[in-house]
K.L.:
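Sharing a structure here in C-alpha cells format.
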Number of protein chains: 2
Amino acid sequence: MRDEDKPEIRKLPLFRDMTGENFETLTRAAYAQSFPAQLEMIRQGEPADFLHVVMEGTVELFSGWRERETTMAVVRPVSSFILAACIKDAPYLMSARTIEKCRIVMIPAKDLRATFRTDPDFAMSTISELASCYRSVVRHTKSLKLRSSRERVAAYVLCQSRLTGNAASFILPMEKRLLASFLGMTPENFSRAVKSLQSDGVAVDGMRIIITNFEALEAVAGLDALIDGFGISGELNSA
Amino acid sequence: MRDEDKPEIRKLPLFRDMTGENFETLTRAAYAQSFPAQLEMIRQGEPADFLHVVMEGTVELFSGWRERETTMAVVRPVSSFILAACIKDAPYLMSARTIEKCRIVMIPAKDLRATFRTDPDFAMSTISELASCYRSVVRHTKSLKLRSSRERVAAYVLCQSRLTGNAASFILPMEKRLLASFLGMTPENFSRAVKSLQSDGVAVDGMRIIITNFEALEAVAGLDALIDGFGISGELNSA
DNA sequence: CGAGCCATTTGATAAATATCAAGTCGTGCC
DNA sequence: GGCACGACTTGATATTTATCAAATGGCTCG
C-alpha cells in the first residue's frame, strides 16, 4: 500500500480518532490492490475477510436473487464498505464489482475486530459509523416504500443539486441504468420518469441534468430530512 | 421500573456483557411506563432522548411521508428499539405506536452514550447489535427490491414456519394489514397473494396459516440465507 | 474514419400493484 | 344477545411498473 494512502484513510471518520499506534498496526496488516473495470471482487455469501477501502475508482455494491440483480450502493473514494459483515464475521450480503479501474485497500477483518476490542476510541468511531449506515439504509427503504418511482427520481435530482451547492445543473455521477437500479426501477422506467418531470422543472441533456424550476420540482419531490438526510451531520454514509 | 424487569433486560445481547456496576447505573436512570393500545409514543423527527425496551405488549415502528404510511418493524418483548437514533443523538427516523397495551422501559440516551464511552464490553455489544440491525435492514431491502409481492409473502410464510420449528401450521403474529404494510404491499394485494398461493401449498383459515406443500412453497419463495437470514447467529434483530 | 458495441430512448404491450367500492365476517361492547 | 365497528375479502377498475422489441446515438477501438 502506498505511503500517500495512509493519510487519506486516516481522514475517514472511522479511523480518525484511533491511536496512531493502532492505526499503524492496522494498516501494516493491510495491502492495496488494483482491479480492472467490471471485476467482481466480492461475491455475496462468501466469508467477510477484509474491510475494503476505495482509494481510486468507483465500486458498485449489488445483490442478486434468482436471475435478478439490484444495485444497493455506489461507493467512491475515499470510503470503506462492508464493515458490518466484517464485524459480524458473517457472509457478505452484497457483491461488489468495479465500475471503473479501482485501487482498493484491504484491511483484514480479523485485525479490525481485534483493534476495536482494545481501542475505545476506535470502538466509538465504529459505533458511530454503523449507526450512520443503519440510518442511511432505513432512509433508503423509506423512500422505496413511500414514494413512487417518479417521486424518487425527483428527490434524487434535488438531492444531487444540493450536494453541488444547489446548482441548477449537474452531471449524473453514474450511469443511468445503475441509478435506475439503485432507485428500484428499470432503466426504461427511469427514462420515462425523467421525461415526465420535464413538466415539473427538469431538463436533460445526456448525462447533464438541468433544473429549470426548483419550486415545481420540490413540489413533486417532497424532500424530507428523515428520508433524504440532508443537513444531518455525519450521515452521508451508505454502506 | 419493576425489580423483575432488570434481569430480563440484562439478558439482552446489548446488555449482557457490560459490567454489573454500569448496568446498575444505566437502569437506575431508566424508568418504566405503561401505554394503552394505539398510542403514538414516538413521533418521527423528534429528538431521540430515550432508548426504548419493550417489556410487555407489541410496538409498531412506522414511517410516514405525505399522506402515506408504512410499517418498518414490529417489536415484541424483550427487545430494544431506536438504538441508532440515540447513538447519533439525531431525530427519530421512525414513529412508534403501541399495537396493544405495553410496558416500556425508557433508558436516557445521554446515559447510554456516556456508558459505552467508559465500558469497552458495552461498546462491543453495541457494535455487534448495530451491525446486526444494519444487516437486517439490508436483507429486508433486498427482499423488497428483488422479489415480487407474491414471493415476499411466500418467503414470509416459510420463515414463520421455520421459527415455529418447521411447523406446517402457525398463527400469524400480527394483523394482516400490518404484515402487508411491512412486506410493502396493500392489504388487498396481500389477501390476493395469499389466495394465489393456495395452488402452491398454502391454506388459510383466519389468522392461521397451513402449509400443505412445503416443496411447492419453497419453489415459489426461494428462501435465501442472504435475504431471509435464518441460521445466522445473532441476526434476529430488526431495529 | 468506420464498424460495432452498448447505453439510452421510445413505442407497444403485458403484468403487477393500487384504488375504490361493496360485501362478509368475526369480535368486543353495551 | 344484538349491535357496531373494524378487519378482511372480493370484485371492478385504474394506475404504475415491467417487459419486449426496435430505433437512436454516443463512444471506443481497430
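What's counted below: heavy atoms across the whole structure, side chains too, no hydrogens, waters or symmetry copies. Below, read A as the first sequence line, B as the second, and so on, with proteins coming before strands; counting in each chain starts at 1.
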K.L.:
Using a strict 4.0 Å threshold on nitrogen-to-oxygen distance, state whether B:Asp228 and B:Arg147 make a salt bridge.
P.N.:
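Salt bridge present between B:Asp228 and B:Arg147.
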K.L.:
For B:Arg68 and D:dT16, what is the distance between atoms CZ and P respectively, to the nearest whole Å?
P.N.:
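B:Arg68 atom CZ is separated from D:dT16 atom P by 10 Å.
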K.L.:
OP1 or OP2 of D:dC8 versus the side-chain N and O atoms of B:Lys195: is any pair under 4.0 Å?
P.N.:
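No, because none of the side-chain N or O atoms of B:Lys195 sits under 4.0 Å from OP1 or OP2 of D:dC8.
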K.L.:
Looking at A:Asp224 and A:Arg139, is there a salt bridge between them, counting it only when a charged N and a carboxylate O are closer than 4.0 Å?
P.N.:
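No, A:Arg139 and A:Asp224 are not salt-bridged.
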K.L.:
Calculate the interatomic distance between B:Glu175 atom CD and D:dC8 atom C1'; express it in whole Å.
P.N.:
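After rounding, the reported distance stands at 10 Å.
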K.L.:
At a heavy-atom distance below 4.0 Å, which nucleotide of DNA chain C is the first touched by chain B, and which is the last?
P.N.:
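Contact boundaries, 5' end first: C:dT17 to C:dC20.
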K.L.:
Write down the distance between CG (A:Leu144) and C1' (D:dT17), rounded to a whole number of angstrom.
P.N.:
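Nearest whole value for this atom pair: 14 Å.
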K.L.:
Round to a whole Å and report the spacing from CG of B:Asp205 to C1' of D:dT9.
P.N.:
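Those two atoms, CG and C1', are 14 Å apart.
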K.L.:
Check step by step if side chain to side chain contact (heavy atoms under 4.5 Å, CB included) holds for A:Thr70 and B:Lys142.
P.N.:
CA-CA 8 Å; A:Thr70 189; B:Lys142 286 174 64 173; 5.6 Å; no
K.L.:
With heavy-atom distances below 4.5 Å as the criterion, would you say the side chains of A:Leu51 and A:Leu14 are in contact?
P.N.:
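In contact.
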K.L.:
Start at the 5' end of DNA chain D and walk down; is the nucleotide closest to B:Leu178 or to A:Arg152 reached first?
P.N.:
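Looking at the nearest nucleotide for each, B:Leu178 comes out on the 5' side.
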K.L.:
Is A:Glu69 paired with A:Arg97 through a side-chain N to carboxylate O contact shorter than 4.0 Å?
P.N.:
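Yes, charged N to carboxylate O under 4.0 Å.
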K.L.:
Between B:Phe81 and B:Tyr92 (judged by ring centroids, cut-off 6.0 Å), do the two rings come close enough to count as a pair?
P.N.:
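No, they do not, as the ring centres are separated by 6.0 Å or more.
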K.L.:
Name the residue closer to the 5' end of DNA chain D, choosing between B:Arg177 and A:Arg147 according to the nucleotide with the nearest heavy atom.
P.N.:
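In this pair, the answer is B:Arg177.
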K.L.:
Output one line per pair: protein atom, nucleotide atom from nucleotides 18-25 of chain D, and distance, for all N/O pairs under 3.5 Å.
P.N.:
residue : atom : partner  : partner atom : Å
D:dA18  : OP2  : A:Thr186 : N            : 3.3
D:dA18  : OP2  : A:Asn189 : ND2          : 2.9
D:dT19  : O4   : A:Arg192 : NH2          : 3.0
D:dC20  : N4   : A:Glu188 : OE2          : 3.1

K.L.:
Does a salt bridge link A:Glu151 with B:Arg66, judged by any charged N lying under 4.0 Å from a carboxylate O?
P.N.:
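Counted as a salt bridge, because a side-chain N and a carboxylate O are separated by less than 4.0 Å.
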K.L.:
Are B:Arg2 and B:Glu56 close enough for a salt bridge, meaning some N to O gap below 4.0 Å?
P.N.:
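Answer for the salt bridge query: yes.
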